[in-house]
J.: 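This is the structure, below, for whatever I ask next.
The figures that follow rest on heavy atoms only: side chains count, while hydrogens, waters and symmetry mates do not. Starting from 1, each residue takes its place in the sequence as its number.
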Amino acid sequence: MDEKKNDIDEDKLAEGHCNSEETCKIEGKKGWLSEDWLSLWLGLFIFMLSLGAFQGADILGWGASTSVWTEAAKSTKPVSIAYQTVKGEITKIDGTKVTLKKADGKEVGITVKTDTSTLAVGQTYEQKGLSATASLFLTYLVMLVIMGLGSTMIGANFKKFAIGFTLIFWISYLCWFLGHFANIAATKNEMAKFGINWSLSMTGEFGFIIALIAGLMVGNLFPGLASAMKEAARPELYIKTAIVIMGAGLGVKAAESFGLASNIMFRGFCAIVEAYLIYWATVYWISRRYFKFSREWSAPLASGISICGVSAAIATGGAIRARPVIPIMVSSLVVIFVAVEMVILPFAAKLFLWQEPLVAGAWMGLAVKSDGGAIASGAVTDALIRAQAMDMEGINYAEGWITMTATTVKMFIDIFIGVWAVILAYIWCAKIECKPGQKVRLIEIWNRFPKFVLGYILTFIILLVICWPAVKAIAPAEHALTDLKVQITSLEKQISAGKDPATTAPLQATLQEAKAREKELKDSTKEPKKLISKAKAATNQGDVFRKIFFLLCFFTIGVVSNFKKLAQEGIGKLAAVYAISLFGFIIWVGLAISWLFFHGVKPPIL
């Protein structure tokens, strides 16, 4: 199981850039980083910049945030209020902090950089900020520089990458923009706000699906354009970077609902253990019994179909010393079937699982066989189910918990790929066929460990640790305030109804004590709430880039999914095993396992 003897370029294979033993060979000019490591460092770099929000420095605040729109000019703005154009009536001045009441009646706080002594409550004030065009172009430019420099570290041609990335970014953003059109994205409770009488209620995340469809069209109908994008068509790089950034936002959510987060992690671990035991053995048996594949073919095929697509197929091929062509053929199938699943499964979940949101999230993690496909599908499912729950029953589930469930399940699957490779290598060498020079090395667990998961864990833990003390301080105070509000309301009613001063005097004293206690509790939560607010500002800034990376992943998965190439390779028998296994039982067993472990577990309701 010596990795050095494997001359397959795993990054090229995972990204769908090769489909034969010849084209998948490692080229002479290979970069000094793998995509896995690069995604870790890129994600951590963006995460570190977002932490500036804790010190009041909105380093990423200029990032372009897109919202549901009816007027195109109002669709995009910088994510931070510090970079937005804001106009309104001054309602409060506190040093450099000024509160404005906008035309829509909402109040917003801004920091004025000039002298505030000339300002007065009641005046109209306008803060000039970045235009939507400037914000969007700056977002593109910074991402181009960061990703372009990163691409040179993995051996890509900077010029070709820049051209491909530019095409991918702007076509993908156009899809994102269209997906946020109100008649597509607005939920039923938002239709009056936008002045529309119908909507598909798909939420803005439908832009991901539009991007996937656009990518499939480019990859299959416009080979010249797809070729121009090839150097930057790296869905796994984009999604892994997004996952590192996403850990921070999930860390804040976990701090606010720690019991639920730990419950999801435990259930996710149990679910993947059961899935491993059922999936792999069944696919292997079908391949051997009904399709008469050799052990050399059946093991990588079983891993690729049942566990985690490309990574698992490569790991298994290396573990049993299979010929390089075998994981290559399996990986070609994975890319195609992932694209099909991404179009079908989120909408099936919306129709049939909207009352069991976390079952749907776990299902995406268990059924879709690539990191990019599974977690991106989780994000779309998150949006679709939240919209459906709001439309059907008026339930407003907190965003991100369905995605978190899909991510947790997928991360556990990824982590155990290396362990599974070692187990298979031992079984093959000890019980089946030990080839000359084959050794079972525990270092393979580290070699196969997905490094970007380290970034996800790190960003998750950092925000969890930062926010946990604040949440612990806020929670009991909020409970006490709720009880006090009931008491104060009751006392005020009794005092209002009472006519005898002798009777109302003790009530007045009790009321004053209750109000004093209320003020004390509110004061005690001011600083913790400020910390949570800063944490959310930081994660919101990082989330702009997380969503763009998700978007690029969807589009490029489509670009690399060339159905014509698959047909030309003549791997119909392999495709038959894949289709029968995936649609015959993996999807349904995955659904059953998801139901078993996540049935009745719901996200927080806002």
Side-chain angles (χ1 to χ4, degrees), residues 53-54 56 81 86 88-112 116-117 119-125 189 192-193 252-261 390 393-399 401 464 466-537 540 602-606:
F54 283 98
I81 193 73
V86 184
E89 179 187 336
I90 298 174
T91 58
K92 184 181 177 182
I93 302 173
D94 182 12
T96 59
K97 305 291 184 183
V98 175
T99 303
L100 301 179
K101 186 177 182 180
K102 299 191 293 182
D104 60 5
K106 292 182 180 178
E107 290 194 338
V108 62
I110 62 170
T111 300
V112 177
T116 58
S117 61
L119 302 178
V121 173
Q123 286 182 346
T124 298
Y125 182 83
N189 64 313
K193 170 185 170 183
V252 177
K253 293 180 191 296
E256 293 180 313
S257 301
F258 186 75
L260 177 59
M390 176 62 74
E393 293 186 354
I395 298 173
N396 186 17
Y397 286 124
E399 182 181 356
W401 287 93
L464 178 62
I466 289 173
C467 296
W468 180 246
V471 171
K472 281 188 73 176
I474 292 169
E478 292 289 351
H479 286 305
L481 280 168
T482 302
D483 294 338
L484 274 173
K485 283 177 183 176
V486 173
Q487 183 187 3
I488 289 169
T489 302
S490 175
L491 287 168
E492 287 174 340
K493 285 181 179 178
Q494 291 177 55
I495 292 168
S496 177
K499 296 179 180 178
D500 184 1
T503 306
T504 57
L507 294 175
Q508 287 282 7
T510 305
L511 178 62
Q512 292 307 313
E513 288 176 10
K515 286 188 174 180
R517 176 61 179 157
E518 182 183 42
K519 183 178 183 303
E520 181 185 333
L521 286 170
K522 285 182 176 178
D523 289 343
S524 72
T525 62
K526 278 184 180 178
E527 288 306 313
K529 282 185 175 180
K530 277 185 183 177
L531 181 67
I532 296 297
S533 178
K534 287 178 180 179
K536 288 182 177 179
N540 285 343
K602 303 292 176 71
I605 297 173
L606 302 177

J.: side-chain contact (heavy atoms from CB on, under 4.5 Å) with T99: which of D94, V108, T91, I110?
T.: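 Answer to the side-chain contact (heavy atoms from CB on, under 4.5 Å) test with T99 among D94, V108, T91, I110: T91.
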J.: Which atom names give the shortest non-hydrogen contact between T525 and A477, and what distance separates them?
T.: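 Scanning both residues completely, I find the closest heavy atoms to be CG2-CB, 3.4 Å.
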J.: Grab the two heavy atoms, one from T116 and one from T96, that are nearest each other, plus how far apart they are.
T.: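 Closest approach of T116 to T96, heavy atoms only: CG2-CA, 4.1 Å.
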J.: Please report the interatomic distance CD1(I90) to OG1(T124), rounded to the nearest 0.5 Å.
T.: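 Here the rounded value is 8.0 Å.
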J.: Do Q487 and T510 have side chains that get closer than 4.5 Å, going by heavy atoms?
T.: yes
J.: Drop me the distance from K101's NZ to K106's NZ, to the nearest 0.5 angstrom.
T.: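 Here the interatomic distance stands at 13.5 Å.
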J.: Suppose the criterion is salt bridge (Lys or Arg N to Asp or Glu O under 4.0 Å): which pairs have a residue in residues 474-497, not counting sequence neighbours?
T.: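 Output for this query lists E478-K529, E492-K515.
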J.: Between L100 and V86, what is the shortest heavy-atom contact and its length?
T.: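 Distance-wise, the nearest heavy atoms are CD1-CG1, 4.0 Å.
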J.: Measuring from E513:CD to L491:CG, what's the distance to the nearest 0.5 Å?
T.: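 Nearest 0.5 Å value for the CD-CG distance: 10.0 Å.
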J.: Work out which heavy atom in I488 is nearest to a heavy atom in A514; give both atom names and the distance.
T.: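 Looking at all heavy atoms of both residues, the closest pair is CG1-CB, 3.8 Å.
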J.: Under 4.5 Å between any side-chain heavy atoms of V121 and K92, yes or no?
T.: no
J.: Over all heavy atoms of both residues, which pair between P528 and I474 is shortest? Give the atoms and the distance, please.
T.: CB-CG1, 3.6 Å
J.: Report the distance from atom CG of L507 to atom OG of S490, rounding to the nearest 0.5 Å.
T.: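 The OG atom of S490 is 9.0 Å from CG of L507, to the nearest 0.5 Å.
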J.: Look at the side chain of K253 and the backbone N and O of E399, then say whether any donor-acceptor pair between them is shorter than 3.5 Å.
T.: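 Checking the backbone N and O of E399 against the side chain of K253, a donor-acceptor pair under 3.5 Å is found.
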J.: What is the distance from atom CG of L521 to atom CG of L484, rounded to the nearest 0.5 Å?
T.: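 Reported value, rounded in 0.5 Å steps: 6.0 Å.
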J.: Taking all non-hydrogen atoms of both residues, which atom of A398 and which atom of P603 are closest, and how far apart?
T.: O-CB, 4.3 Å
J.: Picking from E527, E520, K519, what satisfies side-chain contact (heavy atoms from CB on, under 4.5 Å) with D523?
T.: K519
